[in-house]
Structure formats: structure tokens, C-alpha cells
Amino acid sequence: MAKNKKNICLVTTVYSFFLYLLVKGYNEDDIYIFTAWFPKEISKNVKHIPMPAVIFRGKKFAELNSISGIYKNIVGFFKYFYGYLKLRLLLFIKTFNCDVAVYGHAQTPFSYMFFENENSNIIEDGMENYTANIVETHKINPILDKILHICGIYFLEMGECYGSHKNIKNVYLTHEHTNPLIKDKVRIINIKELWNNLSKSEQEKLLEIFNVNIEGIDFNKKTALLLTEPLAEGTSTTITKEEEINIYYEIIDKFSDYQIIIKPHPRDTKNFEKIFPNMKIIDKSFPIEILTLLNINPTVVCSIVSTALYNFENSKIYVYDGKVDDKLIADSQEELIKIIKEKGLELIS
């Protein structure tokens with residue numbers, strides 16, 4: 001008897017969740033796993049499993065030079081193993097006697113399944129998927145490695161989680177990638193083509209899931225759309241909240257004779273209504289790419305480093321060109337500008 005097919009979608013961002021739905025379609029029988037920081041405004045619209053909380057991630061532990069630090073690590077390990085065993089048991093029940101395919105992000109806590117399941121697939125998660133620092137999966141020690149993996153523990157560096165592992169069969173990106181470790185696995189996603197292949201009812205279902213509502217905003221005016229990124233909230237960059245907001249002020253001043261509309265990133269926690277009380281703010285929870293699919297084309301689209309810029313093929317593009325004292329942001333800007341130019345889009349300064 002043929003086994004039933006079952007997909008697991010484990011993602012941390014609404015963007016990647018949107019790409020998954022375009023590639024695989026929405027199926028109530030799929031297993032969706034969302035992290036704690038996935039927007040609740042969207043997760044509530046989908047039957048899903050919340051990813052168990054963890055105190056530590058990867059190699060990030062509390063200091064061991066105090067009783068409280070030791071206590072936090074002990075509690076963290078117990079919480080991890082409880083969450084891990086609970087998730088492992090739940091997935092075993094839901095996927096018993098099924099052919100399982102896994103999609104999403106392999107750099108998250110509890111993403112052990114990407115390295116255990118022989119049909120695993122990475123879904124793009126912004127500029128980090130274009131990092132040059134993709135490496136082969138390392139081995140700690142053959143015996144210790146097996147013991148850790150039985151417990152669902154994979155202490156991997158970020159560069160090991162983007163597709164080089166033998167069990168990862170496909171890497172779904174919106175742009176080509178030449179790294180020899182993954183280039184043969186890359187499957188190019190054409191967002192507009194996939195959207196147009198959906199039926200009207202399927203499109204409406206996706207708009208419903210993502211709570212898309214842009215009523216009251218006139219995009220026919222001379223408009224500058226500012227896309228934010230959760231740069232100050234992230235752990236990879238050194239930029240402060242004040243520095244990030246000052247950059248947004250610079251961008252707004254540059255386009256002061258335009259109608260300014262701000263679309264916060266779904267993970268951006270800054271209160272833009274309070275910071276910019278005179279600006280129009282779009283609901284942050286839905287992926288900005290949906291605007292292009294609805295044929296909404298602002299005059300110019302601006303950002304510090306958002307990869308969503310190059311989806312606006314009929315708008316002028318502005319990548320912040322002031323000084324940013326952060327190597328990761330600067331490198332990402334360089335890669336972003338390269339992609340924009342390769343696509344033949346109008347880049348302004």
C-alpha cells in the first residue's frame with residue numbers, strides 16, 4: 001500500500017511562509033510549525049504547531065561563572081529536551097506511515113528534521129541565503145556526533161544550514177546562487193509566475209491568511225515606499241535602534257516632496273506610528289511582495305538592505321547610500337545592488 005505524502009513547513013518568517021505557499025500551495029493537512037516570533041496575526045489564521053521555546057540557541061549559553069548562570073543553563077537544557085521530545089512525539093504521531101518532505105529553515109532551534117529526513121528543502125529567508133559563507137557540515141566526533149544527533153542536537157554554524165547537507169535536496173531561491181556546494185540544488189522561484197498560476201480562490205485564500213488590507217492609501221500619487229528591516233533587533237548586526245531610525249529620517253528627508261508610506265518588516269518591533277506620527281504606516285504582518293502581485297507600483301521604493309526591493313520591477317529603487325558602520329549590512333547592500341543591476345532595474349542615488 002502506497003504511503004500518504006505529508007509536508008512539514010518549519011519557518012520563522014512570513015516571507016518564507018508565503019514562498020512555501022506559492023511553491024507547494026495551501027493544504028490544511030500540511031504540518032505548519034512556527035517559531036515564537038512568527039507574527040500571531042498570521043499564525044492564528046492557520047492550524048499550526050508552535051515551536052517549543054528555548055532559553056539558548058546553538059552555542060549561545062549563559063555564563064558559567066555564577067550560580068544563576070549555571071541554573072539558567074540547566075533550566076535551558078531541561079526546557080530544550082522537554083520541548084524536543086514533545087515535538088518529536090507529536091510529529092511521529094502525525095507522520096506515522098507517511099512519506100515526509102520537510103521545507104523551511106534549517107538554522108532554527110528544533111530543525112533537526114532537516115538533517116535527518118532524506119527529503120529536506122530550504123526555503124529562502126532573505127539576503128542570508130546569498131551569503132558566501134556556506135560550508136560543508138562538520139563532524140564533532142563520530143561517536144559524540146551520533147549521540148548528540150539521537151537527542152536531536154546539531155550544533156551547527158550558520159553557514160552549515162543553507163543547503164550543503166546531503167539530505168537537503170532543493171534550495172528554493174528567488175535568485176541564482178553560484179556556490180558550488182548548493183548551486184545544483186537551487187530551484188529558482190518566480191513569485192509573479194507562481195502567483196498567476198493560482199486560481200482566483202487560491203489567491204484570495206492567501207490574501208486572507210496574510211490579512212492584506214491597504215484601504216485608504218492612494219498609490220497613484222507620487223509615492224516613496226520605505227521598507228524597514230529589523231536590523232537593531234537582530235543578533236547579527238551591530239547597528240543600534242537610534243542609528244537605524246536616523247537613517248530612516250535621512251531617507252524620508254531625501255524624498256520629502258513625495259507621499260511617504262512606511263511598510264515595517266514583519267519582525268520589526270519598533271513603534272513606527274509613534275516615531276513617525278505624520279506618515280502612513282502599512283500593516284507589517286504581510287509580505288511586501290504581495291503589493292507587486294496586486295500591481296501596486298510606488299514611484300520609488302527605498303530601504304537600507306531589504307531584498308524585497310528587486311521585486312518592484314516598475315518602480316525606481318533606492319538603496320541607502322550613506323555610511324553604515326556594520327560589515328554585514330555593507331556586504332548585504334553590495335550583494336543587493338549587484339542583484340538589482342543584474343535584473344536591469346532603475347537604481348537611483
**Study point:** Heavy atoms from other residues, nucleotides or ligands near NZ of Lys280 exceed 12 (cutoff 6.0 Å)
**Key:** no
Review point. Between Phe78 and Tyr82, does the ring centroid distance fall short of 6.0 Å?
Key: no
Point to revise | Aromatic ring pairing Phe34/Phe38, orientation class (parallel under 30°, perpendicular over 60°, tilted between) | key: parallel
Point to revise | Geometric class of the Tyr258/Phe255 ring pair [parallel <30°, tilted 30-60°, perpendicular >60°] | key: perpendicular
Exercise for review: Show the numbers, then the answer: is there a side-chain hydrogen bond (donor to acceptor under 3.5 Å, both in side chains) between Asn311 and Thr292?
Suggested key: CA-CA 7 Å; Asn311 289 302; Thr292 66; 5.7 Å; no
**Study point:** Lys185 atom NZ: more than 12 heavy-atom contacts under 6.0 Å
**Key:** yes
Could you list the donor-acceptor pairs under 3.5 angstrom formed by side chains in residues 338-349, with sequence neighbours left out?
| residue | atom | partner | partner atom | Å |
| --- | --- | --- | --- | --- |
| Glu342 | OE1 | His175 | NE2 | 3.0 |

Exercise for review: Please identify each residue that fulfils side-chain hydrogen bond (donor to acceptor under 3.5 Å, both in side chains) with Lys24, with sequence neighbours left out.
Suggested key: Tyr103
Check your understanding: Which value, rounded to the nearest 0.5 Å, describes the distance between Thr12 atom OG1 and Ile33 atom CD1?
Key -> 12.5 Å
**Study point:** Lys263 charged N/C atom sitting above Phe286 aromatic ring, 6.0 Å / 45°
**Key:** yes
Review point. Does the side chain of Thr174 pick up a donor-acceptor pair with the side chain of Tyr310 at under 3.5 Å?
Key: yes
Review point. Are Tyr172 and Tyr20 near enough that their ring centres are under 6.0 Å apart?
Key: no
Review point. Any chance CD of Glu273 has more than 12 other-residue heavy atoms, nucleotides or ligands included, within less than 6.0 Å?
Key: yes
Practice item. With sequence neighbours excluded, tell me which residues meet side-chain hydrogen bond (donor to acceptor under 3.5 Å, both in side chains) with Asn190. Key: none
Exercise for review: Using a cut-off of 6.0 Å, state whether more than 12 heavy atoms not belonging to Ile143 lie near its atom CD1.
Suggested key: no
Review point. Heavy atoms, side chains only, cut-off 4.5 Å: are Leu225 and Phe312 in contact?
Key: yes
Review point. With a 4.5 Å heavy-atom cut-off, do Lys3 and Asn97 have their side chains touching?
Key: yes
Practice item. Specify whether Phe210 and Phe17 have parallel, tilted or perpendicular ring planes, treating 30° as the upper limit for parallel and 60° as the lower limit for perpendicular. Key: tilted
Practice item. Report the C-alpha separation of Glu250 and Tyr320 in whole Å, then their side-chain angles, then the decisive distance to 0.1 Å, and conclude whether the side-chain hydrogen bond (donor to acceptor under 3.5 Å, both in side chains) test is met. Key: CA-CA 9 Å; Glu250 287 185 47; Tyr320 176 69; 3.0 Å; yes
Review point. Atom CG in Leu231, atom CD1 in Ile245: separation rounded to 0.5 Å?
Key: 11.5 Å
